[in-house]
Structure formats: structure tokens, C-alpha cells
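By convention in this document, chain letters (A, B, ...) are assigned in the order of the sequence lines, proteins followed by strands, and residues within each chain are numbered from 1.
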Amino acid sequence: MSRLTLRVNGEDRVIDLGDPDTPLLYVLRDDLQLHGPKFGCGLGQCGACMVIVNGAAVRSCVVPAAAMAGKEITTLEGLGSPERPHPVQAAFIAEAAAQCGYCTNGMIMASTALLQRNPHPQEQEVRDELAANLCRCGSHVRVLAAVMRAAREG
Amino acid sequence: MSFSRRNLLQGVAGLVVAFALHEQAQGSPARLAADSVDGYLAIAPDGSVTVYAGKVDLGTGARAALRQIVAEELDIAPDAIGLVEGDTGLTPDQGSTGGSTGITVGAAQIRLAAATARAALLDLAAQRFGVPVPQLSISGPAIRTQGNRSIGFGELIGGQTFGLPVDKSAPVKNPANYAIVGKSLPRPDLPAKLTGRHIYVQDHRVAGMVHARVIRPPSIGARLLDVDAASIAAVPNARIVRLKDFIAVVAPREWDAVRAMRALNVHWSDTATLDGSGALYDTIRHTPVLREEVLRVTQDPAPLASDGLRLLQAAYHWPIQSHASMGPSCAVADIRDDGGTVWTASQNTHRSRQTFARLLGLDPARLRLVYMDGSGSYGSNGNDDAAFEAALLSREIGAPVRVQWMRADEHGWDPKGPPQLLDMRGAIDANGDIAMWETTAMLPANTSRTGPPLLGAIAAGLDTGEGMSSGLTSLNADPPYDLPHMRATISWLKATPLRTSNLRAPGKVGNVFAVESFFDELAAAAAADPLEYRLRRLSDPRGREVLNRTAERMSWVPHTKSPDHSAAMLRGRGIAYAHYKQSETYVGMGMEVEIERASGKIRVTRVVCAHDCGMMINPDAVRAQVEGSILQTISRTLFEEVTFDHAGVTSTDWGTYPILTFPDVPRLDIVLIDRRLERPWGVGEAATAPVAAALGNAVFDATGVRLRQAPFTSARVKAALVTAS
């Protein structure tokens, strides 16, 4: 068992890491009880597990937690709360851009990272950015509307 | 009117729940009865109202709609209403959440319970004030006299039960006076879901819980021959649990359970007996028929030898598909001694409680299934399987167990939407009218009354019952038009290659694909405009309206000359119609498509849908369901096909089972027809039904090529284009 310090949502968190290859997702969900990132595939295919690491959206199911030391990790919880949502979260709420909401973590994290580096994307750029974020319920048009709203109202 | 005063409740709403649990533990059914007001409603001493619903919100917005319905009848604020869903210890058995019955059946019962409660509250207040009921009004959770005296719900009955049966003739509010129903109130669950605060079943943890992963055999039905326990010795605290051919690993840390699953060395027998998905439709044609059922017949089809009749026939193919939920199924169970609790996203908690209790040898009264939100499910996915596996494992090891399926479990082992093969025959007379229509649909028989057999129970050698289950798959195999010589027959098949269940709009998606595509074939053979040809045979005014509104929004005009099918980028439009279950929601569906000739790649550029479900409880929730129905079914039509070899499913991830992605999402143009005085029908399924046909009809318009087999993959379309040219 080795000690690992991760900086998550602005705080240093110390974790007793079991297996050195433990993916970040398992540390976030099981050790830190952060439920924003979801287990969807464990293969880096669907995006449900996304977190923002040093400004970039990362699939936490396929990156080892040990490689994340010293980096700024932000989860869905770290963006905002029901009372004080992040502008992207507020836009998703305003557009009711989720059905079951299981994939929406990834949609919000990926589009937040996009808007940080490109505050006013064309809709096609949003589509391309989210091409590997899967949604099964069919909330896509609302997700696009929410990201465009966030870009407008940011 | 007498009220039962013995069931004195205490304190606030939370304690109502506790009390109900206490009652349940003592075996008192009063609070769970599906025919009693107390089954559905409780009023706490502070006047707050809690609703108990057997049907659940699967991301559909039912959670908002149900509150609106109760709020409307009781004249209280919807956001003040507490709601408990799908908890077998607290809610009445209203049947499975499926078949578009959440609002039409579930909410209708609750509305009557609320109306009965309203009448009872008014009677109580009338007695209290000594004034007749007509002089009373409800405002907030309180009743007022004309003289402005008032008494709160809590003071009238708070903490006590009504002790009344649901009155089927209780005075309900006139829909013309609705102030809350019909408004697009926001879904109450979204702020927490979109900020990571909502607790899904996947997030649920209980003290002392261990994590489990179930080991699947390399081929369906394989026997477990030998397990090498030493193979997981390096994984801390991991252990093996085995019951016959059911084998799982458990560990305190979740990642260790995953590692143990991967490391465990198991020897299985080889039972590769399937014919493979490449031979699926041959397999279906050679499967024995259990029975033939005439779904609907008008007059027997006219003799085909008649002069001047032109006969057309075609076979339509719908593949096996997966629920493909974004989150693999998950459940937590804590089974001790003779009872316990299972937390699950099951759409059938009451049914599964009975099944689980029987299989585990428990008294159903001591087993509680608690619904928690999961990843979206569109029928019975793996949720009931995972829940049973968790219960089985918890009973075996005497500790709470969380079972989380992996991606390959979900894609590989969820019960599948069944394959469909439909033989269509039709004849056109000299005037171009339809002289005869015959559908013969080959569908797996629905021989199980308790849902799909449970994977874990099969493997553990428990008697999980015989039979197959896939829902009401025969409906809409008959055309929704006035055809004098029409017969639709179902050949119910004795077997099907993979375990099946009800997958969104079971059967209707494939049936309407066949019926509405073939109708287009007849229109083309008659050189008629597809829209006009439909309207010619459609008398139902609501049906005509959805078709006309769809066409209007598409600026539909009949072609005046044959379309050019030679371009590199081909464009076309198609239309289709469905009257869901031939009795419920009306849907007109129009599609505009582009097909790249070189690759065969189809892009749907625009969808127009006119939708009439009668009254809309929450129009934005309706719109979301229609959007989801359309996009998910475009995905099923263009991309989705479960593949399998002789041993089992080979499409076990998102690479081998692709679904619709953002670049392929079309513009949606949805017309919701508001009929607030008509009864409300379901909205979670109807708009799926005409999608595939509208898409195929658009492809035909663009290319002159008729697609009769889903999915319309680029490879398949390219091959069809090459063959045609």
C-alpha cells in the first residue's frame, strides 16, 4: 500500500493506494466518494468517467491515479453545486439536457474544457468535440443547445 | 364517513416513511394496497403530502408529471410533494414500469387516490366547520370557508390514515380548469444529477459492503469444470464464491474485485451451439412455430388470380439489439438470515421481489426491493440480473454485496431485443388501389409470465422457470389503414438464439418498419405519392392530422418527375405513420437524408415529427421523450446489431456495437399537438415506431433502392447501391 496525494477540487487528498495501477476513476468514486464521474465502459470509449485534469478533459477510467499526482483534478462536484452551479451546469439545467443523466458528467466536463480554450465555438465544433461522448437516452440536441447557451451566457 | 384513527403517525414526513416500514414489517398491507388511498398518499401532521408510486422515473420526467397530477387534484404546490418510487416496502404494486403505462395506468390510479383524498378532506372540514362542502375551497395545504376560516391538511388528518378505498367515481378536476397539469415544470432531479450530488444505485454504499464481479463463461450455457483458487492469491482479501456454474469474486476494494475477476483462472466446458448472427434469418425460418395467431383480419385476402392484380412480396428483417445502457447494471444487496434489502434500478421491483424470494427461499414479506435511479434502461436490461446476483452473493457470504457489471457483461449478457422477420404480401389493382395485404410476422413467443429467466439463477442451477419474454411484440404488425382485404398473422417461434426481454416499444419498431416500408413499396408500384396514398386509406382524423402536420412542416410536395439517382451525394425524403398499439399515441414521422454514393454512408439531416398523445401532463417532458425516441431509434436503424458466433455475443463494447454519435445527430423539428381534453397516452415509445420506415422510405426516395434489413450500415447500403446500378 502506498500513499498518494492528489489535488482534487482544490484540496489535497491523501489516499492509500492499493494496486499501483488503480485507475483514477476508482480512487475518485471509492476512496473520495465523488460520484460525478461514472463507470460506463472502463475502456475509454464512452466518456461517462470524464474529469478535468490541468484544463483538459480526461477519461478517468483509463488513467492510473498514480500518474495524476501534482495535477489539478476537477470533478463534476468541483465545478458547482445545485445552489451555485457552474455556468455550464446552469445551462444544462436550463435546457433540461439530460434524461437518465448517467452520461451527462462527461458531456459537462468535455464541454467545460472546450469552452475554456474556445469560449465561442461553432455548433459543429461542439459536435466534433463530443463525438466520443456517448448518450443512450437521446439527449443530444439538448446537450448541444446547452453548450451553445453556456457559450452565449458564459 | 369514518376514518381509521388507530394508525397514528408521528412527526414529519420522514417519520411517515418509518411508520410505513414498521407496518410493513408487521405484515400489514394497508399502506401498500393498490386499491386504498393510503397506498398512494400520506399526509403528515405538518400538512406535507407524500406520494407512493409503484412506477418509477427512468429519466423520463414522470417524477415531475406525477407531482403535477397530484398537485392539481389537491390544489397544492407540486414541489412541496414528497415522492417515493418503486420501493416494495412502501409503494403499492402498480406493475412494471414499461409499455408506456407510467402515466396512463400508474398516474391515473394516483390521480383517483388524490381525488378521493380531496373529497375526504373537504368532508372532514365541512364537519369541522359545520358548513356544506360547496362553501369550502382548497388553497395550499389548507381548506378555507367563505368566511375565511381555515384549517390545514395536517390538522385535519395529519399523521392518520384515510382508511378509504380509491373511489373510481371520485370527482376529479375538469381538465379545462387545469392550472398545473399541462405546464412544463422543471424536472426536480436534474440540479442534483448535473452537479454530481444525485445518488444513483451505482453510487450507493452500505456499511461493511464488499464489491463483487461475476465471471461469465466463454460460451452460453457452459459448465464450470474447475477453478484455480491460487490464481487470485496475489489480490488482497479477494475470495471466490461459487454455486454450481455461478462464480464470482468479492473483495473489500472495488478495483481488487476487478483485478481478481481478470486474474481468476476458470476452466469451462465447451457448449458452442449457436448458428451465429450471420445465419440469423435462416435460423428464424427454420425455427419450429409454437402457434399461429391471427392478429387482425378484415376480409380474407382476395384470390390472387384475379385479373389485373399486381402482386408484390418482400421480407423485412430486424436484428437482435441490446439495451446498451450507458452504465452497466449494478445493485447492492444485504440479505441476512431470512430477509433483507436489495437496492436496484429494476423497472419491476414488485415482480422481482416475488421471483427473488422464491429462488432464495425467503418469505417475500421479509424481502424488500428499493428502486434507485440507475443508468437509463429501456425495458428489462441487466438490472434484475445484477440485483439477483447481489442478493445471491450476499446470502452466501452474509455481508452486503455490491455487484457492478462490466461493459462486456452488459453488452454481452443483457437480455436482448428479439429479432423479427416479417413476410409481406400485397396486391395492387388496375386503379392502383391496394386490393390485398398480408403480414406474416415471425416473432419469439412470449412464454414467460415473470420476465426473462435470471442469469445468476440459471448458472446456480436454481429453477428460474421456463420460457422467453419480450413484451407485446405483435402489435402494429397490421397496417393502420382501412384495407378491406387484410390479414396479419403472427408465427410465434419456439426458440430464439439469445435470451430476450422487452426493449423499448417491443416489436413495434420492427413491425412498423416492415408495414410502413411495404406500404411505400405499394405506393411506388402504384406510382402514387406516398403521403396521398396513405391519406387515401386513413379515416381517423387524428391520424390524418399528424400526417398532414408532418407533411406541412416538411413542405411536402409530390414529385413531378422521377428523382435523379445518379449523383455522388443523393438526397431524399420519406414519411411514415404509426398509431401506437393501434389505440394510443398518433405519430407522423418525416425524414430528410443524404447518402454518399461512394461510401454508402447515410446522414439524416432533418426529422419532422407530429405527435398527438392526447393531454400532455408536462409538454417539455413529452418533447424530451419524443426526441429520445427518435434519436435512439435512428441509432438502432443505422448502426445497431448484436453479433454472435457459435459460443456467444461478440459485440461486447462500443467499438463492436456502435451507436449514434454527435456528428450524426440530425436537426429535430417536433410538433406537439395539444389535446388537453383527451385522455393522456404514453410518450416513451410511440415515436420510436415509425422512425426506421421513414428513414428507409427517404433512402428509397434518394436512391431508388429499398432497404429491407436493419441496420442500414454503410457497407450494406453501399452493396445495395452497387447491386442496383
Side-chain angles (χ1 to χ4, degrees), chain A residues 1 18-19 21-23 26-27 29-31 33-43 45-46 48 75-83 85-86 89 92-93 96-105 108 124 126-144, chain B residues 58-61 186-187 189-200 202-203 205 211 235-236 253-256 258-259 323-328 330 373-378 404 406-407 620-621 624-625 627-635 653-655 659-663 665 667-668:
Chain A
M1 191 97 42
D19 179 52
D21 296 330
T22 308
Y26 289 82
V27 169
R29 289 181 55 79
D30 292 333
D31 295 292
Q33 282 83 50
L34 292 166
H35 298 141
K38 294 278 184 274
F39 173 74
C41 63
L43 305 165
Q45 293 178 334
C46 75
T75 72
L76 189 63
E77 293 93 335
L79 285 185
S81 64
E83 297 74 30
H86 181 277
Q89 290 171 318
F92 273 68
I93 293 168
Q99 289 190 31
C100 78
Y102 198 88
C103 71
T104 320
N105 167 69
I108 292 175
Q124 188 58 45
V126 180
R127 286 172 179 258
D128 293 342
E129 186 72 18
L130 297 178
N133 280 82
L134 302 179
C135 167
R136 184 57 166 161
C137 296
S139 292
H140 305 76
V141 291
R142 288 170 185 249
V143 169
L144 291 173
Chain B
L58 301 162
T60 53
R187 280 174 48 193
D189 48 341
L190 287 187
K193 280 182 171 175
L194 301 181
T195 54
R197 267 65 171 186
H198 191 75
I199 302 298
Y200 289 78
Q202 281 88 350
D203 307 322
R205 302 287 186 272
H211 292 271
V235 183
R253 293 177 74 112
E254 184 174 16
W255 179 245
D256 288 337
V258 176
R259 290 168 67 210
H323 296 263
S325 293
M326 287 308 306
C330 181
D373 286 333
S375 175
S377 56
Y378 317 96
Q404 167 71 69
M406 303 301 281
R407 175 47 50 198
D620 192 57
Q625 284 307 293
E627 291 167 357
S629 293
I630 293 169
L631 294 178
Q632 191 181 79
T633 314
I634 288 175
S635 179
D653 66 3
W654 296 112
I659 62 171
L660 182 75
T661 58
F662 275 95
V665 169
R667 190 151 64 89
L668 301 184

Does the side chain of [Y] come within less than 4.5 Å of [X]'s, by heavy atoms?
X	Y	value
B/F662	A/E129	no
A/L134	B/W654	yes
B/S325	A/R136	no
A/E83	B/T195	no
B/R205	A/D30	yes

Please give me the minimum heavy-atom distance between [X] and [Y], naming the atom from each residue.
X	Y	answer
A/D128	B/P663	OD1-CG, 4.5 Å
B/A192	A/P82	CA-CG, 4.3 Å
B/P191	A/I93	CA-CD1, 3.8 Å
B/G196	A/L76	N-CD2, 3.4 Å

Contacting moiety of [X], where chain B heavy atoms sit under 4.5 Å:
X	value
A/V143	side chain
A/L43	side chain
A/Y26	side chain
A/A48	neither

Heavy-atom proximity to chain A below 4.5 Å, by part of [X]:
X	value
B/P186	neither
B/I199	side chain
B/S377	neither
B/V258	side chain
B/H211	side chain

Practice problem: Rounded to the nearest 0.5 Å, what's the gap from NZ on B/K193 to CD on A/Q99? Could you check? | Solution: 9.5 Å

Quiz item: Who wins among A/A132, A/S139, A/S81 for the most heavy-atom pairs under 4.5 Å with chain B?
Solution: A/S81

Self-check item: Pick from A/C41, A/G101, A/C46, A/G36 with the largest number of heavy-atom pairs that fall under 4.5 Å of chain B
Solution: A/C41

Between [options], which has the largest tally of heavy atom pairs under 4.5 Å with chain A?
options	value
B/T661, B/L631, B/D373, B/L194	B/L194
B/Q632, B/H198, B/E254	B/E254
B/G374, B/G327, B/S375	B/S375
B/C330, B/G655, B/P328	B/P328

Exercise. Check the pair B/D620, A/R142 against side-chain contact (heavy atoms from CB on, under 4.5 Å), reporting the backbone distance first and the verdict last.
Key: CA-CA 11 Å; B/D620 192 57; A/R142 288 170 185 249; 3.1 Å; yes

Exercise. Quick one: do B/M326 and A/C137 satisfy side-chain contact (heavy atoms from CB on, under 4.5 Å)? Show the steps, please.
Key: CA-CA 9 Å; B/M326 287 308 306; A/C137 296; over 6 Å; no

Exercise. List the steps, then state whether side-chain contact (heavy atoms from CB on, under 4.5 Å) holds for A/D19 with B/R259.
Key: CA-CA 9 Å; A/D19 179 52; B/R259 290 168 67 210; 3.4 Å; yes

